[in-house]
Amino acid sequence: MKALQGHTKKASIQSQELAVYIHWPFCKSKCPYCDFYKELNHGVNQEVIIGEYLKALQKYRDLMPERTVKSVFFGGGTPSLIAPKNIEKIIDFIIKHWVIADNIEISLEANPNSRYDTMFKDLKSAGINRLSLGVQALNDSDLRFLGRTHNAQTARLCLQEIVQTFDNHSADLIYALPRHTVQNWLPQLEEICSFGLKHLSLYQLTIEEGTVFARKGVKSLDEEKSVEIYNFTRDYLTQKNYCHYEVSNFALSGFASRHNLTYWQGGDYIGIGKSAHGRLNLDGRYYAVTYPFTNEELTPQERAEELIIMGLRLTNGINKKDFKNICGIDFNNFVNQKNLQQLKEQNLLVETFDYLKAGYEGFLLIDAIAAKLCE
Ligand SMILES: C[S@@+](CC[C@H](N)C(=O)[O-])C[C@H]1O[C@@H](n2cnc3c(N)ncnc32)[C@H](O)[C@@H]1O
Ligand code: SF4
């Protein structure tokens with residue numbers, strides 16, 4: 001690891017796009033399923049932390065002044081705990097110091113447990129133009145099981161407020177809980193669709209190592225049932241005009257998350273805040289960057305593997321030309337051809353002239369498929 005300021009040259013591709021991730025690793029309470037890096041919100045001095053974030057942004061700006069920022073994403077943790085005036089400071093800095101894409105997407109992940117009467121209006125005034133709400137469940141027993149500190153009524157109120165306040169909105173839900181069946185999950189799916197959100201992120205519950213759920217021995221839904229509920233969910237949402245564009249993500253036409261597409265399509269992004277990371281192409285070399293300002297160079301092979309793992313998450317799959325442009329290796333020379341043929345014969349992969357993508361059944365096995373391609 002070395003400090004990025006040692007990198008003297010500027011990014012060679014003029015006006016290359018950049019996505020900016022701002023991580024706020026503080027929460028009011030810790031949910032028993034969550035393994036994201038977070039701390040409790042007690043005694044946090046926001047002004048000091050925001051000051052540090054601005055210094056880190058300044059360093060990146062000095063390194064890459066010619067970039068065009070296409071998206072900013074405030075994630076967490078619970079970034080809706082940041083005072084809107086502090087959010088505005090970050091957005092203002094980015095707008096003043098970089099070129100900004102005309103259709104810049106500026107998202108914030110809000111938790112219903114931080115709601116106050118004017119929260120969404122204040123966030124909009126601070127510059128947020130896309131609000132993603134951590135609903136997680138729309139009934140109180142699932143919310144209690146997930147250890148959430150809001151109830152379904154507050155989630156509904158927040159959902160109404162965000163569709164009234166923003167033109168672009170999303171909600172996160174966790175399903176395939178241990179007691180879920182297609183029948184008892186359907187009412188939540190129907191209800192979330194009734195709000196007219198532009199985007200939905202629906203995650204199957206994963207029992208992550210080291211979490212309270214793992215320690216308590218909570219078990220995931222068995223594989224057969226989780227496949228059934230996953231297939232039902234994606235078919236249901238497709239009928240409701242939500243395009244299933246990524247493993248867990250669905251969007252009305254034109255509303256896929258521009259920010260998250262950067263991760264899946266191998267674009268450049270920086271991460272600000274403890275535990276945040278990024279990927280940067282500087283002078284044709286690839287770096288994994290970590291906050292506050294260090295980097296590790298990735299070999300073309302390491303970058304190629306990442307592009308396969310991330311690209312297979314997309315319904316459109318991996319764009320083979322982009323793959324070569326990004327990592328410098330020809331796609332067909334990189335992937336294991338024998339395994340590729342087998343996976344195609346099993347209909348787990350579908351290949352076109354430009355793309356390689358998972359088939360309907362393959363979508364449930366993308367990690368194993370990516371490993372086979374990279375063997
Ligand atoms: C990092 S969290 C931040 C969201 C925000 N703090 C909140 O809780 O509302 C992003 C999303 O990941 C999902 N998530 C986190 N842990 C998960 C798990 N173990 N299984 C499935 N989904 C999970 C949740 O839907 C959550 O909204
Ligand atoms: S799910 Fe969200 S609110 Fe809960 S601990 Fe994780 S980051 Fe915090």
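Counting starts at 1 for both ligands and their atoms, in listed order.
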* To do: With heavy atoms of T78 as the reference, note each atom of ligand 2 found under 4.0 Å away.
  => 3 (S)

* To do: Return the option from Y33, W24, F36 holding the heavy atom at the smallest distance from atom 1 (S) of ligand 2.
  => Y33

* To do: Please could you name the atoms of ligand 2 that K38 approaches to less than 4.0 Å, counting only its heavy atoms?
  => 5 (S)

* Do Y360 and D235 get their side chains close enough for a donor-acceptor pair, meaning under 3.5 Å? -> yes

* To do: Please determine, by modelled atom types, if Y245 and H199 share a side-chain donor-acceptor pair under 3.5 angstrom.
  => yes

* To do: Considering heavy atoms of the protein only, find what lies nearest to atom 2 (Fe) of ligand 2 and give residue, atom and distance to 0.1 Å.
  => R148 NH1, 4.0 Å

* Taking the minimum heavy-atom distance to atom 23 (C) of ligand 1, which of V135, I174, T206 ranks first? -> I174

* **For R148, the ligand 1 atoms whose distance to one of its heavy atoms is below 4.0 Å** => 7 (C), 8 (O), 9 (O)

* **Enumerated ligand 1 atoms positioned under 4.0 Å from heavy atoms of G76** => 1 (C), 3 (C)

* Starting from atom 8 (Fe) of ligand 2, which protein heavy atom do you reach first, and at what distance in Å? -> C27 SG, 2.3 Å

* Asked: Looking only at heavy atoms of K38, does any of them come nearer than 4.0 Å to an atom of ligand 1?
  -> no

* Asked: Testing N336, I308, I309, N339 for side-chain contact (heavy atoms from CB on, under 4.5 Å) with C374, which one passes?
  -> I308

* To do: Indicate yes or no for a side-chain donor-acceptor contact from R258 to the backbone of N103 under 3.5 Å, with no hydrogens or angles considered.
  => yes

* Is there a donor-acceptor contact under 3.5 Å linking the side chains of D122 and Y116? -> yes

* Asked: Is there a nitrogen or oxygen of D172 sitting under 3.5 Å from a nitrogen or oxygen of ligand 1?
  -> yes

* Asked: Which atoms of ligand 1 are found less than 4.0 Å from any heavy atom of Q136?
  -> 7 (C), 8 (O), 9 (O), 24 (C), 25 (O), 26 (C), 27 (O)

* Asked: What protein heavy atom sits nearest atom 17 (C) of ligand 1, and how far away is it?
  -> Y33 CD1, 3.6 Å

* Donor-acceptor pair between E246 and N260 side chains, under 3.5 angstrom -> no

* To do: Starting from atom 7 (S) of ligand 2, find the nearest protein heavy-atom neighbour and note its residue, name and distance.
  => G77 N, 3.3 Å

* To do: Tell me which protein heavy atom sits closest to atom 21 (C) of ligand 1, plus the residue, atom name and distance to 0.1 Å.
  => Q204 O, 3.3 Å

* **Path from F331 to L298 over hydrophobic side-chain contacts below 4.5 Å** => yes

* Considering only protein heavy atoms, which is closest to atom 3 (C) of ligand 1, and at what distance to one decimal place? -> E109 OE1, 3.3 Å

* What is the ring orientation for Y33 with F213, classed by angle as parallel under 30°, tilted 30 to 60°, or perpendicular over 60°? -> tilted

* Structure fact -> Note: ligand 1 atoms sitting under 4.0 Å from heavy atoms of G77 are 3 (C), 5 (C), 6 (N)

* Structure fact -> Among non-hydrogen protein atoms, atom 4 (Fe) of ligand 2 lies closest to C31 SG, 2.3 Å

* Near atom 4 (Fe) of ligand 2, is there an N/O/S atom from C34 that is less than 2.8 Å away? -> no

* Asked: Can you tell which of R67, K70, R279 makes a side-chain hydrogen bond (donor to acceptor under 3.5 Å, both in side chains) with D268?
  -> R67

* Structure fact -> To the nearest 0.5 Å, atom NZ of K28 lies from atom CG of L81 at 6.5 Å

* **Distance from atom 3 (S) of ligand 2 to nearest protein heavy atom, with residue and atom** => N111 ND2, 3.3 Å

